[in-house]
Amino acid sequence: MPRYNPSVIEPKWQRYWAEHKTFATPQMPAGQKLYVLDMFPYPSGDGLHVGHPEGYTATDIICRFERMRGRSVMHPMGWDAFGLPAEQHAKKTGTPPRVTTEKNTSTFRRQLQMLGFSYDWDRELATTDPGYFRWTQWIFLQIFDTWFDRQAQRGRPISELPIPPEVKSQGEDAVRRYQDQHRLAYQSEAPVNWCPALGTVLANEEVIGGISERGGHPVVRLPLRQWMLRITAYGDRLEEDLETLEWPDSIKALQRNWIGRSTGAEVDFFVGREGTAQGGRPAPAEFKAWRAARSEGGFPTTATDDVVRIYTTRPDTLFGATYMVLAPEHPLVARLTSPEQSAAVKAYCEQAARKSDLDRTDLAKDKTGVFTGSLAVNPANQRPVPVWIADYVLASYGTGAIMAVPAHDTRDYEFAVTFGLPIVPVVDPGSDATVNRDDVLAGKAVFPGEGTAIHSSAFDGLSTSDFKTKITADLVARGVGREAVNYKLRDWLFSRQHFWGEPFPVLHELDADGKLTGLMRIVPAEELPVDLPELKKFESHGTPDPPLEQAPPDWLYPIIDGRRYKRETNTMPQWAGSCWYYLRFLDPKNEQALVDPQIEKTWMPVDIYIGGAEHAVLHLLYARFWHKLLFDRGVVSTIEPFGKLVNQGMILGEVELTGYQKADGAWVSVAVVDGAAEGGPELKASREKVTGVRVPFDKAEKAGDVFVLKEKPDVRLDSRAYKMSKARGNVVNPDAVVKEYGADALRLYEMFMGPLEAAKPWSMEGVNGVRGFLDRVWRMITNERAEQLELNSAVKDVEPASEQNRVLHKTIQGVTQDLERMAFNTSIAKMMEFTNFFTKCDVRPRAAMEKLVLLLSPLAPHLAEELWQLLGHDKSLAYEPWPTFDPEAIREDNVEVPVQVNGKLRARVTVALGLGAAETEQAARADARIAELLAGQTVVKVVVVPGRMVNFVVKPAAG
RNA sequence: GCCGAAGUGGCGGAAUUGGCAGACGCGCUAGCCUCAGGAGCUAGUCCGGGUAACCGGGUGCAGGUUCAAGUCCUGUCUUCGGCACCA
């Protein structure tokens with residue numbers, strides 16, 4: 001019985017495509033090129049999740065659609081295969097990560113192939129292949145070999161870095177050290193999250209409140225030598241070039257926010273060398289001399305040690321700066337601390353050092369701080385201001401010190417209130433409705449907005465923006481300030497203390513005693529890759545040092561030209577491999593270059609890039625950074641890697657009803673429960689803990705717009721879909737769906753659920769629904785009752801009747817337009833309408849059936865290929881021309897026009913297409929019901945949109 | 001707190017430019033077919049009233065612009081996502 005049986009036809013066509021290499025991409029495009037890329041997955045041990053195929057189906061549809069429209073399509077897939085889970089598995093079981101990774105990759109590959117995606121599998125790559133990470137290491141060498149020329153705003157070879165004469169005069173080693181300081185890859189001490197219990201270094205996201213996310217063990221912060229990449233140098237370009245991209249505005253906003261560019265001024269507050277060295281205020285004579293020197297010599301590039309340099313975005317509030325704050329880590333803290341304050345300052349700084357960044361911000365409700373005992377001079381009005389230390393100022397942002405303007409900055413205001421510091425308003429909010437003006441002017445409220453200057457001597461009356469310009473110019477003229485730009489973006493911490501990652505192609509020089517000299521030597525490009533050594537065991541060795549410290553000596557200590565070196569033992573983060581994989585897909589087997597320049601020029605940029613929003617910032621920012629650097633170094637030809645970006649929404653689990661019960665089992669309404677409380681749900685009023693219980697749908701009913709318990713209708717239930725998770729037990733396995741409904745049904749359902757970008761709850765009933773549609777298509781074209789597969793007897797070689805032709809062409813038009821704008825859900829709806837219509841026809845013209853099969857083929861390719869073959873074609877439809885529609889066939893002779901009276905729909909009249917406004921109005925007036933409604937009324941106005949609608953505006957006739 | 005997205009039937013969602021709200025699917029109801037059905041077919045299904053024609057209401061809430069608002073404007077509430085002392 002040839003019913004629609006996906007478990008037979010799907011493997012059949014997958015084999016066909018593989019054997020015929022149907023989707024092999026030519027190295028050079030034959031037609032117009034289209035590069036469609038999925039964010040490649042990390043092959044986890046859990047296998048594919050129904051979230052993966054959502055984006056992959058969307059890109060697959062686009063690719064199949066565009067191939068039929070004549071484009072040359074690049075559509076590759078690969079594996080982001082380095083990652084912590086495989087390493088942790090190795091620690092537990094001793095299985096080498098490469099073995100685990102290959103096993104997981106096989107599962108992922110099988111699952112993706114089972115869904116019939118049209119990837120060119122000959123381009124498959126994994127970031128863990130030595131042939132791949134050879135080039136990841138090569139890119140690192142490019143970064144290492146680059147410095148950033150601020151003037152030109154681009155990266156240049158380190159050999160072109162100008163060496164100051166005073167450095168040159170110190171000899172070769174000094175020059176090398178100077179270069180090392182300016183490379184875009186550099187080393188620095190940075191704190192890591194070391195968890196002794198787990199024996200591993202954790203990422204910031206894995207540490208919550210000083211406790212490891214996994215296991216709940218304490219985590220300590222230790223400084224460790226780390227590799228950093230100078231992404232901040234590219235801050236401006238990363239921000240500005242967002243404008244050139246066809247990305248969702250929300251993602252651009254997220255990136256802009258992350259880069260966090262702000263403009264303002266740097267200003268020096270004089271503290272002096274003499275008086276302040278022991279606390280107290282700077283000597284007036286010394287200050288005078290400093291002022292004179294500054295107006296002569298100007299503003300020095302790096303701060304001198306007689307000033308505290310601050311950064312502010314509001315130089316216009318300088319007259320309101322009543323104190324200063326240094327971060328606890330600020331280098332001047334020790335010198336500015338007076339003997340009397342020394343104990344208090346020391347205690348405060350030690351306490352701050354113990355807290356992680358997270359703790360500092362978490363406990364941010366109350367401001368803490370300590371006075372240094374020193375005073376500085378406000379350069380606007382020459383008044384002395386106290387210098388404080390507080391951890392609400394971050395050492396890592398700006399200059400690590402601020403001027404505090406409590407009247408106009410919320411944080412400064414809170415601090416000033418806590419410690420009783422003076423509050424001087426210098427901005428009049430005027431009529432600004434957000435604050436009470438009198439309170440602001442009395443120093444009893446904070447006003448962070450813009451307004452008119454007061455208490456600012458000669459600047460009074462200026463608007464905030466004018467003031468900024470004027471005072472900045474004034475500061476520059478006096479040599480005490482300059483314009484400045486800052487970023488929230490920090491340099492990229494690029495090393496990990498892991499085994500399962502790309503080794504750095506770097507060797508550290510050892511002296512005769514086997515100690516590090518601090519000088520480095522790179523592994524030359526032609527000797528790459530630096531492969532990972534074989535480790536005997538993977539267990540933790542109890543120190544935060546990288547696991548590769550345990551590597552065999554012949555790997556760890558190479559001897560070159562008779563000199564002993566130690567290899568770098570940190571490895572690169574997982575981001576490294578995913579930063580450039582889109583380039584390697586173009587030319588995956590090239591051993592001479594990362595990508596052939598001609599091929600790169602032809603295929604780049606990626607035209608459509610689809611993936612989850614979780615990569616909105618980091619992956620996309622890092623990849624853009626590398627791409628720009630490669631552009632500067634002449635490796636790639638475009639300034640940006642990804643043209644159009646689409647984020648697929650998350651697929652949630654099935655909708656669940658949750659009721660809440662107290663410890664004694666009594667039900668409580670969801671209205672009185674705080675579900676987001678820490679440590680589980682609790683009653684809003686009493687903070688009593690309650691338990692969430694899943695309630696089956698047959699125990700609940702709808703009351704108004706909420707669900708309630710059937711047996712206790714005053715108990716409201718929570719109705720929502722949750723993120724799929726193992727813990728919740730609501731994960732849907734694609735294997736099971738394919739087994740029961742078929743891959744085409746899974747693909748179609750994921751597209752039919754709703755817009756690609758939206759978060760959507762899963763529903764097995766919905767899968768069953770689209771499977772029903774595929775069954776109907778099958779029955780429309782085949783004879784299900786025959787013994788052998790044969791055409792339905794209603795399918796005939798005849799011309800379509802005019803109504804049939806109209807439906808056909810409307811469907812072609814609609815589906816084409818919907819696919820062009822990635823509205824997959826509505827394109828499916830249109831094919832359903834087609835099927836509903838033609839199923840009712842006793843005669844189904846073969847040409848119409850063939851066209852539908854072609855329209856359906858990007859979405860449900862296996863079914864389409866099978867029907868195409870049955871309709872008498874002997875090769876794949878993958879490159880059949882896409883059906884075109886005839887506008888003539890769609891045109892109807894008559895249109896139904898709604899007629900409104902005072903904006904309310906009262907009748908519909910059928911008129912000839914293209915009828916003029918006057919005639920349409922006549923036709924509307926001729927309608928019996930309209931005539932009745934207009935009788936006795938004065939028609940004030942008639943609005944006619946020919947072919948669309950008529951509206952009579954009436955009022956009762958006078959008299 | 002700040003930034004972003006979204007609120008439309010019992011449910012997922014349509015409505016491309018301001019012009020017939022609810023396409024399509026699920027679910028539900030009734031009927032047909034069947035030995036049987038988690039199969040198929042037909043009809044109905046926004047809410048209230050009415051046998052019906054039809055009438056009234058309706059896109060989170062409150063206003064506004066317009067002949068006309070799901071769509072535009074102002075305010076507000078809720079949910080989700082992100083950032084979180086960035087001076």
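In what follows, chains carry the letters A, B, and so on, assigned in the order in which the sequence lines appear, proteins first and then strands, with residues in each chain numbered from 1. Note that the structure is predicted; figures quoted are calculated from it, not measured.
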Chemist: Write down the distance separating the C1' atoms in B:C46 and B:G70, rounded off to the nearest Å.
Modeler: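 Per the computed distance, 14 Å lies between those C1' atoms.
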Chemist: For A:Arg256 and B:C3, is the shortest distance between a side-chain N/O and OP1 or OP2 below 4.0 Å?
Modeler: no
Chemist: Between the side chains of A:Tyr487 and A:Ser262, is a donor N or O closer than 3.5 angstrom to an acceptor N or O?
Modeler: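 No, because no side-chain N or O of A:Tyr487 sits under 3.5 Å from a partner of the opposite role on A:Ser262.
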Chemist: Could you tell me the separation between the CD atom of A:Glu896 and the P atom of B:G19, rounded to a whole number of Å?
Modeler: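 Roughly 18 Å, once rounded to whole Å.
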Chemist: What's the closest nucleotide to the A:Arg776 side chain, out of B:A87, B:C83, B:G25?
Modeler: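 Of the options given, the side chain of A:Arg776 lies nearest B:G25.
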Chemist: For A:Ser262 and B:A87, is the shortest distance between a side-chain N/O and OP1 or OP2 below 4.0 Å?
Modeler: yes
Chemist: Taking the side chain of A:Glu765 as heavy atoms from C-beta outward, which of B:C26, B:G13, B:G82 is closest to it?
Modeler: B:C26
Chemist: Among B:U16, B:A87, B:G19, which nucleotide sits nearest the side chain of A:Thr313?
Modeler: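 For A:Thr313, the side-chain atoms sit closest to B:A87.
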Chemist: Passes salt bridge (charged side-chain N to carboxylate O under 4.0 Å, His left out), A:Arg314 versus A:Asp316? Steps please.
Modeler: CA-CA 5 Å; A:Arg314 292 293 300 268; A:Asp316 62 295; 2.9 Å; yes
Chemist: Side chains of A:Thr232 and A:Asp491: is there a donor and an acceptor less than 3.5 Å apart?
Modeler: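 Yes, a side-chain donor-acceptor pair sits under 3.5 Å.
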Chemist: Strictly by modelled atom types, are A:Thr368 and A:Tyr348 linked by a side-chain donor-acceptor pair under 3.5 Å?
Modeler: yes
Chemist: Nearest to the side chain of A:Leu394, heavy atoms from C-beta on, is which of B:G13, B:A15, B:A87?
Modeler: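 Nearest nucleotide to the side chain: B:A87.
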Chemist: Of all the choices, B:C55, B:C41, B:C80, which nucleotide is nearest to the side chain of A:Arg779 once you look at every atom?
Modeler: B:C41
Chemist: So which nucleotide from B:C80, B:C83, B:G25 ends up closest to the side chain of A:Met832?
Modeler: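 Of the options given, the side chain of A:Met832 lies nearest B:G25.
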Chemist: Under 3.5 Å, is there a donor on one side chain and an acceptor on the other for A:Arg776 and A:Thr839?
Modeler: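 No pair is found: no donor N or O on one side chain lies under 3.5 Å from an acceptor on the other.
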Chemist: Output yes when at least one side-chain N/O atom of A:Arg948 is less than 4.0 Å from OP1 or OP2 of B:U17, else no.
Modeler: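 No, A:Arg948 has no side-chain N/O under 4.0 Å of OP1/OP2 on B:U17.
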Chemist: Output all residues satisfying side-chain contact (heavy atoms from CB on, under 4.5 Å) with A:Asn378, sequence neighbours left out; order by chain, then residue number.
Modeler: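 For A:Asn378, the residues satisfying side-chain contact (heavy atoms from CB on, under 4.5 Å) (neighbours in sequence not counted) are A:Phe269, A:Leu318, A:Ala321, A:Ala380, A:Asn381, A:Val385.
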Chemist: Less than 4.0 angstrom between a side-chain N/O of A:Asn836 and OP1 or OP2 of B:A23, yes or no?
Modeler: no
Chemist: Can you give each donor-acceptor pair under 3.5 Å made by side-chain atoms of residues 758-768 of chain A, sequence neighbours left out, with the distance rounded to 0.1 Å?
Modeler:
| unit_1 | atom_1 | unit_2 | atom_2 | d |
| --- | --- | --- | --- | --- |
| A:Lys760 | NZ | A:Glu54 | OE2 | 2.5 |
| A:Lys760 | NZ | A:Pro755 | O | 2.9 |
| A:Lys760 | NZ | A:Leu756 | O | 3.3 |
| A:Lys760 | NZ | A:Ala758 | O | 2.6 |
| A:Ser763 | OG | A:Glu765 | N | 3.4 |
| A:Ser763 | OG | A:Gly766 | N | 3.0 |

Chemist: Can you see if the side chain of A:Lys904 gets near the phosphate of B:A21 - specifically, an N or O under 4.0 Å from OP1 or OP2?
Modeler: no
Chemist: For B:G64, does the O4'-C1'-N9-C4 or O4'-C1'-N1-C2 angle fall within 90° of 0, making it syn, or is it anti?
Modeler: anti
Chemist: Considering only the C1' atoms, how many Å lie between B:A36 and B:G13, rounded to the nearest integer?
Modeler: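 Roughly 35 Å separates the two C1' atoms.
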Chemist: With rounding to whole Å, what would you report as the distance between B:G64 and B:A14 at their P atoms?
Modeler: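 Looking at atom P only, B:G64 and B:A14 are 31 Å apart.
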Chemist: If you measure only the distance, is there a donor-acceptor pair under 3.5 Å linking the side chains of A:Thr826 and A:Asp818?
Modeler: yes
Chemist: Report all interatomic pairs (protein N or O, nucleotide N or O of nucleotides 58-68 of chain B) with separations under 3.5 Å.
Modeler:
| unit_1 | atom_1 | unit_2 | atom_2 | d |
| --- | --- | --- | --- | --- |
| B:C67 | O2' | A:Asn951 | ND2 | 3.0 |
| B:C67 | O2 | A:Asn951 | ND2 | 2.8 |

Chemist: Check whether any side-chain nitrogen or oxygen of A:Asn825 sits under 4.0 Å from OP1 or OP2 of B:A14, and answer yes or no.
Modeler: yes
Chemist: Output yes when at least one side-chain N/O atom of A:Arg3 is less than 4.0 Å from OP1 or OP2 of B:A39, else no.
Modeler: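 The answer is no; no side-chain N or O of A:Arg3 sits under 4.0 Å from OP1 or OP2.
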Chemist: Is the distance from OP1 or OP2 of B:C26 to the nearest side-chain N or O of A:Arg771 less than 4.0 Å?
Modeler: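 So the side chain of A:Arg771 is outside the cut-off, no N or O lying under 4.0 Å from OP1 or OP2 of B:C26.
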Chemist: What's the closest nucleotide to the side chain of A:Asn257 if the choices are B:C24, B:A87, B:C83?
Modeler: B:C83
